[in-house]
Colleague: 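Below: one structure in structure tokens.
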Amino acid sequence: MSEKTPPIQATKMMKKLMADHFLALDRAAAEGSPKVAWCTSVGPAELLIAMGFEVYYPENHGALLGATRMATDTIPVANALGYSPEICSYLTADVGAFLKGITPLTKAYGIKGVPKPDVLVFNTNQCRDVQDWFEWYGRHFNVPAIGVRTHRGVGEVRDYMVADVAQQIKDLIPTLEQVSGNKFDIDRLREVVGLSKQCTEQWRAVLEYGARVPAQMNFFDHTIHMAPAVVLRGRPEAIEYYDTLLAELVEREKAGYSAVPGERIRLYWDGMPVWGRLRMLAELMNELKAAIVCSTYCNSWIFGAFDANDPFESMARAYTELFIVRDEAYKENYMLEHVKRYGCQGIIFHDAKTCPNNSNSRYGLPQRFAEVHGVPSLVINGDLNDLRCFSDEQAKTNIEAFVEQIEEAAA
Amino acid sequence: MFFGGIDIGASATKAALIDDSGRLLGSAVLRSGVDFTGSAAKGMEMALAQAGLEAGQVEGVFACGYGRKNAAMAQETRTEIACHAAGAYHHFPQALTVVDIGGQDNKIIKLNAQGLRTSFKMNRKCAAGTGAFLEEMALRLDLPLESLNGLAEKATEEATLGAFCTVFTATEVLSKIRDGVKIEALVKGLFRSVVKRVMEMDIFEGTVIMTGGVAAHNPYLAEMLSLELGREVLLPPLPQLNGAWGAAILARDFRARQLASE
Ligand code: SF4
């Protein structure tokens, strides 16, 4: 087992891809062509790409604001505007940044501002906040904010749900044709859905490296390397990227590397990343020799149902099947299956103050895991972006004590 | 053989020295202040003087608490959760629910009959139910902190305070003062609020032990919790020293394991 793990080389390629992505968006916004669509991270991006839009993902921007900790200064701006500190801090960080006229894209890529949208397309499968968020920009830019309103708390995904969502996706087409000036082409959509499917399968394969003992990648690596699966799926670049990364992972495993040198403990992470504290948490986990090998969050960009032969129905199914859309029983089974498959000894639930949708500790799930399945868990209070809701000290003590508890029990 | 424990909390630093039977030989409690390293050294010095020992005679020292990384004399650190658990189990070797009410946070720690931790919880980032809450309220009521326990104990009535948040409670207290509610009744209401915050945190099983500085200075809280829970709530001999004592116990057990494997 290696004591020091060299950095993943593919990261450089990813940085270039991300730069190209944002520069293309910036150019499109400046030139007015191709048209720019803003889209929620969980679709329906494939339709937008197929219709010739450059696609921009505000949630990705929200995460960048969090990771750079610019969010700390921008959230209060939106709060003052009447957007509560209790609602999505991607929304408040992003709207606040826009009003302040700042963006992390400037420092990273020399881009002045976010690309002006020609249309905004949301999917409420994850939450209602995205709709309110996109509608704010819709009013500001006077452009259409349209979307898909998905079923929530879904147990079994039923055909009527799929038919409904598929129809809603189809209903977006006239507006998208009008805004883009392009005619919808089913063959192009099939092609994009096929590419997304490939990307999804590769991302799944990358995540599987967490199941190795010792894990080859951990949650913190995943939060970085998921970017192409989020913002470039449906495009060949994402597939090339994961080909490169997967080839490197094969070599790294042969070389005996591990994500956390000297791995002693394996954990599951549920909930959003604390973007502004990823480094601190990664260092803490390294110190404790504890690897977070699997997470609900990074698994969310696996859209297994995509099928090029049946693009609308399969998109509807893929976007409805997601963890965040499902009921409590499904979530419990899903997590249990992953805890077992990845050999996790415990679960860390991040209860994010401003995202109830990704906080799964609020209805007794940790207690059920302990009592019914014998899996111990820890709940840490925090937030994705709003560091006013996070205490380094409490998080550290909690995590350290949790690792102690697992080690004591194992001894 | 002698072992030491040092618990550098947000408000107070506690030091304990024990022999290998776990008996307390010397201890100290002092304010943590802004120099955690200095307070830790001073605390240990005071405990050594009381025990009549030299630093060189101590086989191992473990540190816990917010300032645990600042204790230069400690070989290892453990969280205060592990140390409070070890301290409580030393005095009451059975399945326990340990309630530690600290200056800045509350903890509920559950141990099985073998003393193994099965779960723990720390309160959220909020002063509700902690020592900081009582300090703030004493200040508002213009009362010395030490007088709270006696006042609560002799209250014949109790003011109902419903709010979760310290600031809201302060407002409630003001309106009660305006309504002429007696000071004893108010203080008892504040104690009830601490007890409620603690009870909301978890389910209580086994023997309940209350530890920490707040319990040490306000033992009436344990009585109130006991009445609410309908089960006995016990205090270890020196509740405030429990974490430091537990840290010393862990240092002793660590050394014993080392010796066994040599
Ligand atoms: S799911 Fe949570 S973090 Fe994502 S947009 Fe909705 S509220 Fe925000």
Side-chain angles (χ1 to χ4, degrees), chain A residues 85-86 265 274 277 280 283-284 287-288 290 345-354 359 361-362 364-383 386-411, chain B residues 7-10 32 36 62-70 76-86 89 98 100 102-112 114-128 130 201-203 205 243 246-247 250 253-254 256-257 260-261:
Chain A
E86 313 271 325
I265 302 271
V274 186
R277 284 291 182 267
M280 181 280 275
E283 284 170 0
L284 174 67
E287 235 175 79
L288 297 170
Q345 293 151 285
I347 305 171
I348 299 179
F349 285 90
H350 171 206
D351 188 351
K353 170 89 171 166
T354 73
S359 299
S361 58
R362 299 184 181 182
L365 194 53
Q367 286 73 10
R368 286 202 295 285
F369 263 103
E371 280 156 28
V372 184
H373 309 302
V375 181
S377 42
L378 167 72
V379 180
I380 58 170
N381 294 109
D383 193 51
D386 194 342
L387 293 178
R388 295 175 298 187
C389 307
F390 185 75
S391 152
D392 279 18
E393 270 314 310
Q394 284 216 14
K396 275 186 193 166
T397 303
N398 266 308
I399 292 172
E400 226 178 295
F402 188 49
V403 170
E404 270 175 357
Q405 177 187 324
I406 291 174
E407 284 194 314
E408 275 170 29
Chain B
D7 174 3
I8 309 167
S32 297
F36 286 174
F62 274 21
C64 68
Y66 279 115
R68 60 188 176 277
K69 306 272 190 245
N70 298 74
E76 297 256 346
T77 62
R78 291 289 182 273
T79 63
E80 47 275 34
I81 291 146
C83 295
H84 273 285
Y89 191 75
V98 182
D100 172 52
Q104 299 290 321
D105 56 43
N106 293 342
K107 303 172 194 78
I108 309 270
I109 311 158
K110 292 192 185 173
L111 304 178
N112 65 17
Q114 289 72 44
L116 273 181
R117 226 185 313 157
T118 52
S119 72
F120 69 90
K121 275 188 187 160
M122 268 170 86
N123 76 336
R124 298 162 169 221
K125 284 189 317 168
C126 166
T130 69
M201 286 177 69
D202 212 333
I203 305 278
E205 291 157 340
L250 291 177
D253 295 350
F254 183 76
R257 276 198 305 274
S261 68

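Small disclaimer: the values here were computed from a predicted structure and weren't measured. Numbers restart at 1 for each chain; the letters A, B, ... are given by sequence-line order, proteins then strands.
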Colleague: Quick check on B:Lys107 against chain A: is it the side chain, the backbone, both or neither that has a heavy atom closer than 4.5 Å?
Modeller: neither
Colleague: Applying ring-ring contact (aromatic ring centres under 6.0 Å, His included), name anything that partners A:Phe369, two or more places apart in sequence or on another chain.
Modeller: A:His373
Colleague: How would you list all residue pairs meeting salt bridge (Lys or Arg N to Asp or Glu O under 4.0 Å) that involve residues 365-382 of chain A, not counting sequence neighbours?
Modeller: A:Glu328-A:Arg368, A:Glu332-A:Arg368
Colleague: Is A:Ile380 in contact with chain B via its backbone, its side chain, both, or neither, using a 4.5 Å heavy-atom distance?
Modeller: neither
Colleague: Between B:Lys121 (side chain) and B:Met201 (backbone), is there a donor-acceptor pair under 3.5 Å?
Modeller: yes
Colleague: Report which part of B:Arg78 has an atom under 4.5 Å of a heavy atom belonging to chain A: side chain, backbone, both, or neither.
Modeller: both
Colleague: Side chains of A:Asp383 and A:Thr354: any donor to acceptor distance under 3.5 Å?
Modeller: yes
